[in-house]
Amino acid sequence: MVTRTPQEVMEDRKIAVILDDLLETCIDSLSDAKKITNGSTFKALDSDSKSKFNKCQDSVLTATEATEKERDNCLSGKSKDLNKMKSCLNKQLDALDNMEEFNGRMQVLEDAALEAKLIAFFAVVGQFQGYLGELKTLEKKFNDAAKKIEKAIKACRDAKIKGVLGAGLGAIGLCLVPVGGGIALGGGIALAGIEFALGCALKGNEETTLKKAWNYGSTAGAVADGLGKMPKTFAPAMLIVTGAVDLREAFLNEKELATLQKELKGIQADIKRLGPKVSKLYAEFQKLATSTAAAYKKAVAGVKSFKPSKGAYHRLPSLLK
């Protein structure tokens, strides 16, 4: 069997064409990567993913330069065997495969417009934090008023008065359900952030924190409905304020009754101001949680299934003989 010199192998037209194709593919891959780094999806990625992507590009560039240099050495007769050329090619092919997979995965995320969907979703989640304190304050006001009404009920024997106070206490109890639900929902969702979410999607992973965020959407509808109906739900409590029934018997003095009535008026004002806003926010969250979860799952599936194509140049190491 005739053994060819490294120079003769490099001068083989078939091998030369494949090497040129490999070089062009690496240049194209780096060009694609450059476009990706200028895009909004890449800019929204976490720093670790960005660093890995940049290292992929550096690896392709370094490996390609090493292969071309050794190719020149073979063509000029400086290299006495093909071992170094084969090693350079294997490193270049590995680097290219990593780059192509990274490019492909990033393209899946860009095509899914995942960044924009996550921005909208986390913007709503962020607004929860602004209302969380107000909901907690309203919950405290409800509980404080309820304690005063319970005390009055125990001190009273008149059935009519007990009925009015009982209706007010029941109304507060019903209002506490969506308020408590809103607090649990707003406080339970971890602000994982867009960077974290995109980084997980790039790895083909739907992390537990994100799954919990999507799942909260299933309870948000009931909370939104309850908060929206709160002005009507609270109405029976306002019978304590209207004075339709003389309630003084149930209180130590008129000042105690007046204080409770003032507190109930304040709660009613808070409900009218806060209820519709928060109800709308939670309804929007339910809608976005459903659509974002579907888009995220689809993107993750696309990332997982993506495989870079194989070219003729992957056979190059075995052809060098």
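Note that the structure is predicted; figures quoted are calculated from it, not measured.
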Checklist entry - Under 3.5 Å, is there a donor-acceptor pair linking the side chains of Ser51 and Asp48? => result no
Checklist entry - Hey, is CD on Glu24 packed in by over 12 heavy atoms from elsewhere, all under 6.0 Å? => result no
Next on the checklist: When you measure from the side chain of Thr62 to the backbone of Asp58, do you find a donor-acceptor pair of N or O atoms at a distance under 3.5 Å?
Outcome noted: yes
Item to check | Enclosure of Lys50 NZ (heavy-atom neighbours >12, cutoff 6.0 Å) | outcome: yes
Checklist entry - Is the number of heavy atoms from other residues, nucleotides or ligands under 6.0 Å of Arg273 CZ greater than 12? => result yes
Checklist entry - Are side-chain heavy atoms of Phe42 and Asn38 found at a separation under 4.5 Å? => result no
Next on the checklist: For Asn103 and Ser29, which I'm curious about, is there any donor-acceptor pair between the side chains at under 3.5 Å?
Outcome noted: yes
Item to check | Within 6.0 angstrom of Lys151 NZ, more than 12 heavy atoms from elsewhere | outcome: no
Next on the checklist: What I'd like to find out is whether the side chain of Leu82 reaches to under 4.5 Å of the side chain of Met10, using heavy atoms alone.
Outcome noted: yes
Checklist entry - Between Phe102 and Phe53, what is the ring plane arrangement, given parallel below 30°, perpendicular above 60°, and tilted in between? => result perpendicular
Checklist entry - Side-chain donor-acceptor pair under 3.5 Å between Asp111 and Gln107, yes or no? => result yes
Next on the checklist: Taking Glu139 first and then Lys136, would you say they form a salt bridge - that is, a charged N and a carboxylate O separated by under 4.0 Å?
Outcome noted: no
Next on the checklist: Between Gln7 and Cys74, is there a side-chain heavy-atom distance shorter than 4.5 Å?
Outcome noted: no
Checklist entry - Salt bridge or not for Lys321 and Asp12, using N-O below 4.0 Å? => result no
Checklist entry - When rounded to the nearest 0.5 angstrom, what distance separates CG in Leu198 from NZ in Lys203? => result 10.5 Å
Checklist entry - ring-ring contact (aromatic ring centres under 6.0 Å, His included) between Tyr216 and Phe285: does it pass, once the steps are laid out? => result CA-CA 9 Å; Tyr216 273 118; Phe285 171 76; 7.5 Å; no
